[in-house]
Amino acid sequence: MHKIAVLTSGGDAPGMNAAIRAVVRSALAKKASVVGVRNGYAGLIAGNLTPLGARDVGGIIQHGGTMLGSARCPEFETEDGRLKALRTLHQHDIDGLVVIGGNGSQAGSHALSEMDYPVVGVASTIDNDLYGSEITLGVDTALNIALEATDRLKVTAASHQRAFLIQVMGRNCGYLALNVGIAAGAEAIVIPEVESSPEDVAREVRQAYRRGKTHALVVVAEGAEYNAPRLEQFFHENRKRLGFDLRVTILGHVQRGGAPSSADRLLASRLGGAAAQQLIDGERGVLVGQIGGKVATTPLAEVVAKTKELDPWVWELAQVLAR
Ligand code: F6P
């Protein structure tokens, strides 16, 4: 393989730049040249490419976001869009592609791979909902940003003996909320994977006060049936009966914008480096992730067909630790 391309796609994740850098420098070490694709699959369809040398990826490892830009691209979900993308790759004599992204992006990798084009994915999403990697790029940084916010909320909650609710991202996956909840010492955690009503949340907060706690923190996943806006409405309407009010913070995209932690830079360097090496060595149709602490590949067909489950023991542990 003489020339490969790299793109970042879907929600940006801290560590994407470190992964781009690792792809470029690992490919160059194997005597292959690299082109960057701007703005994900949209750039591939439009032919928006830029050559990337070793110096072009200097000074980016410490920055969040992605120097190549990212996008969500509905056109790539159509066959016509994918054919246009393939045309770009062939027109520019590109022999293989590295796709840095999460579920939607790797569904795209799988589609290209099914069209017999050599693709290797790099597991990247703050949601940690991608099968084939126990941890994905950006998760550690997003967790740390959410923790900094929860620690601050606890300071003001303690001063006023208040209950606070913080909503974190994660799409339909409760991983971020569960782990922020444990690490922040939350009194209650609400995630999509476990059914819980507003009355359940109110009971947990009330019981925390009865056990002698002077303030309470509830961490909610954005994908939960009763998310922050719904819980806020419930608590507001029932505040007299419940005996306490709840202040709400929705963290949102702040979680994605941080400088990558050391863990994310190292993970990105390992996964990006391995993706380029394996693609050039002839691997195709796989996701490069981390399993059992080691770099591992999983067929993209399996990645798109399977769902990553939360560890039920960790959920039970969170309930015990909240006492
Ligand atoms: O997948 C990453 C993520 O940040 C999710 O947690 C969130 O639901 C979604 O992206 C937000 O998407 P957008 O940035 O397109 O609004």
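Order of listing sets the numbers, starting from 1, for every ligand and every atom in it.
R162 meets the salt bridge (Lys or Arg N to Asp or Glu O under 4.0 Å) test with no other residue; sequence neighbours excluded. For Q319, the side-chain hydrogen bond (donor to acceptor under 3.5 Å, both in side chains) criterion is met by no residue, not counting sequence neighbours.
Contacts classified as ring pair (Phe, Tyr, Trp, His ring centres under 6.0 Å) and involving residues 189-209 (residues at least two apart or in different chains) are given here: Y209-F244.
Applying the side chain to side chain contact (heavy atoms under 4.5 Å, CB included) test between L251 and each of I166, L176, V219, T150 identifies I166 as the sole match. The only member of N103, N128, D129, D127 that meets side chain to side chain donor-acceptor pair (under 3.5 Å) when paired with K308 is N128.
Every protein residue with a heavy atom nearer than 4.0 Å to ligand 1 is included here: R72, I126, D127, M169, G170, R171, E222, H253, R256.
Under the 4.5 Å side-chain contact rule for hydrophobic residues, V35 and V57 do not share a cluster.
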